[in-house]
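A short write-up of the structure that comes next.
Every value quoted in this text rests on a predicted model; they were computed, and no experiment measured them.
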Amino acid sequence: MRILIINGPNLDILGKREPEIYGTMTLWDIENRLKEKFPKVKLEFYQSNSEGPIIDALHKGLDGSIGGVVLNPGAFTHYSYAIRDAAAALKVPVIEVHLSNVHAREEFRRESVIAPVCKGVIAGFGARGYELAVEFILEQS
Ligand code: DQA
């Protein structure tokens, strides 16, 4: 089974970016941990600081061989209707993941315009959140 792992803006600078909030692991560390934990799953990783490539990556989820999508849209979470529409078009589960507990932070982070079209949301468990999301998709298939 193939699973898409899609990360949005500023997640490419994890490790350097506000480590007190996001931790010291880099995105590369997170991706490698996932590959080690799920060696039999075809994990496909995408990251972009722009909306368009994230939407294009989500469109790959229309391919019948994709089992699900793990999506951390970064700040786009809070205002991108275009990413929401792309996620809504998918028939496979999309799991929204946040490293930080967005509900314990600034007011604007409490709203996700994407969550209503997702199967569920995982927030506040750091890199472990991505693993939990992959586990869920595997259980569903
Ligand atoms: C984030 C939370 C967002 O509010 C923020 O803009 C990010 C990262 C997280 O993983 O905790 O870029 O998605």
Side-chain angles (χ1 to χ4, degrees), residues 1-80 82-141:
M1 186 212 280
R2 291 164 67 203
I3 296 179
L4 309 179
I5 316 282
I6 305 174
N7 281 286
N10 298 308
L11 293 162
D12 56 329
I13 55 167
L14 280 179
K16 293 187 194 121
R17 176 193 182 193
E18 297 179 279
E20 64 289 357
I21 296 173
Y22 298 113
T24 52
M25 283 177 88
T26 64
L27 188 57
W28 192 79
D29 292 333
I30 293 174
E31 291 176 354
N32 279 332
R33 217 167 97 157
L34 284 169
K35 281 190 228 161
E36 276 167 29
K37 181 126 199 212
F38 304 102
K40 294 191 184 132
V41 184
K42 287 186 194 128
L43 299 171
E44 294 178 24
F45 300 100
Y46 300 91
Q47 189 280 327
S48 179
N49 293 323
S50 309
E51 220 169 359
I54 295 170
I55 293 164
D56 292 339
L58 281 165
H59 289 175
K60 293 183 196 301
L62 293 166
D63 181 324
S65 65
I66 301 290
V69 178
V70 180
L71 173 65
N72 183 346
F76 286 139
T77 304
H78 315 297
Y79 64 93
S80 175
I83 292 177
R84 175 198 168 114
D85 285 349
L90 302 186
K91 301 243 168 3
V92 293
V94 178
I95 318 293
E96 184 178 305
V97 169
H98 299 286
L99 293 153
S100 65
N101 178 359
V102 281
H103 301 285
R105 301 181 60 197
E106 301 95 321
E107 185 72 37
F108 77 90
R109 293 187 205 275
R110 294 195 193 143
E111 198 202 343
S112 167
V113 299
I114 298 167
V117 301
C118 290
K119 181 78 184 167
V121 179
I122 299 171
F125 299 112
R128 180 88 180 101
Y130 291 85
E131 296 173 9
L132 294 170
V134 171
E135 273 167 29
F136 177 83
I137 292 167
L138 293 175
E139 279 165 23
Q140 296 287 296
S141 60

Original post:
Do L99 and Y130 touch side chain to side chain, with heavy atoms closer than 4.5 Å?
Top reply: yes
Original post:
Do K35 and F45 come close enough that some side-chain heavy atom pair is under 4.5 Å?
Top reply: yes
Subject >> Pairwise side-chain contact, D29 with N32, heavy-atom cut-off 4.5 Å (strictly under) >> reply: no
Original post:
Heavy atoms, side chains only, cut-off 4.5 Å: are I5 and E31 in contact?
Top reply: no
**OP:** Return the minimal non-hydrogen interatomic distance between I54 and G8, and the atom names on each side.
**Re:** CD1-CA, 3.6 Å
**OP:** For the pair E96 and R84, evaluate salt bridge (charged side-chain N to carboxylate O under 4.0 Å, His left out) and give the outcome as yes or no after the intermediate values.
**Re:** CA-CA 11 Å; E96 184 178 305; R84 175 198 168 114; over 6 Å; no
**OP:** For salt bridge (charged side-chain N to carboxylate O under 4.0 Å, His left out), just list the numbers for R110 and E107, CA-CA rounded to whole Å, side-chain angles, deciding distance to a tenth of an Å, and then say yes or no.
**Re:** CA-CA 6 Å; R110 294 195 193 143; E107 185 72 37; 3.0 Å; yes
Subject >> Nearest non-hydrogen partners of A82 and I55, listed with the distance >> reply: CB-CD1, 3.6 Å
**OP:** Measure the spacing between CG of L4 and CD1 of I66 and express it to the nearest 0.5 Å.
**Re:** 4.0 Å
Subject >> All salt bridge (Lys or Arg N to Asp or Glu O under 4.0 Å) counterparts of R17, not counting sequence neighbours >> reply: none
Original post:
Are the side chains of L132 and I95 in touch, meaning some heavy atoms are under 4.5 Å apart?
Top reply: no
Original post:
Is there a donor-acceptor contact under 3.5 Å from the side chain of T77 to the main chain of G74?
Top reply: yes
Original post:
Where do V134 and I3 come nearest, in terms of heavy atoms and distance?
Top reply: CG1-CD1, 3.9 Å
**OP:** Indicate the ring-plane relationship of H78 and H98, choosing parallel, tilted or perpendicular according to the 30° and 60° boundaries.
**Re:** parallel
**OP:** Kindly compute the distance separating CD (E135) from CZ (F38), expressed to the nearest 0.5 Å.
**Re:** 4.5 Å
Original post:
Just how far is it from atom CG of D12 to atom OG1 of T26, taken to the nearest 0.5 Å?
Top reply: 11.0 Å
Original post:
Can you name the nearest heavy-atom pair linking L27 to L14, along with the distance?
Top reply: N-CB, 3.9 Å
Original post:
Do N10 and Y22 get their side chains close enough for a donor-acceptor pair, meaning under 3.5 Å?
Top reply: no
Original post:
Can you tell me if NZ on K42 sees more than 12 non-hydrogen neighbours from other groups inside 6.0 Å?
Top reply: no
Original post:
According to the salt bridge (Lys or Arg N to Asp or Glu O under 4.0 Å) rule, which pairs have a member within residues 48-74, sequence neighbours left out?
Top reply: R2-D63
Original post:
How close do P73 and V97 get, heavy atom to heavy atom, and via which atoms?
Top reply: CD-O, 4.4 Å
**OP:** Measure from the side-chain N and O atoms of S50 to the backbone N and O of G52, and report whether any donor-acceptor pair falls under 3.5 Å.
**Re:** no
**OP:** Considering non-hydrogen atoms only, spot the tightest contact between V92 and G67 and give its length.
**Re:** CB-O, 3.8 Å
Original post:
How many angstroms lie between CZ in F136 and NZ in K119, if you round to the nearest 0.5 Å?
Top reply: 5.0 Å
Original post:
If you round to the nearest 0.5 Å, how far is CD1 of I30 from CG of N7?
Top reply: 7.0 Å
**OP:** Calculate, to the nearest 0.5 Å, the distance between atoms CD and CZ belonging to E36 and R33 respectively.
**Re:** 9.0 Å
Subject >> Heavy-atom side-chain proximity of I83 to L71 below 4.5 angstrom >> reply: yes
Subject >> Student check: side-chain heavy atoms of P53 and Y46 closer than 4.5 Å >> reply: no
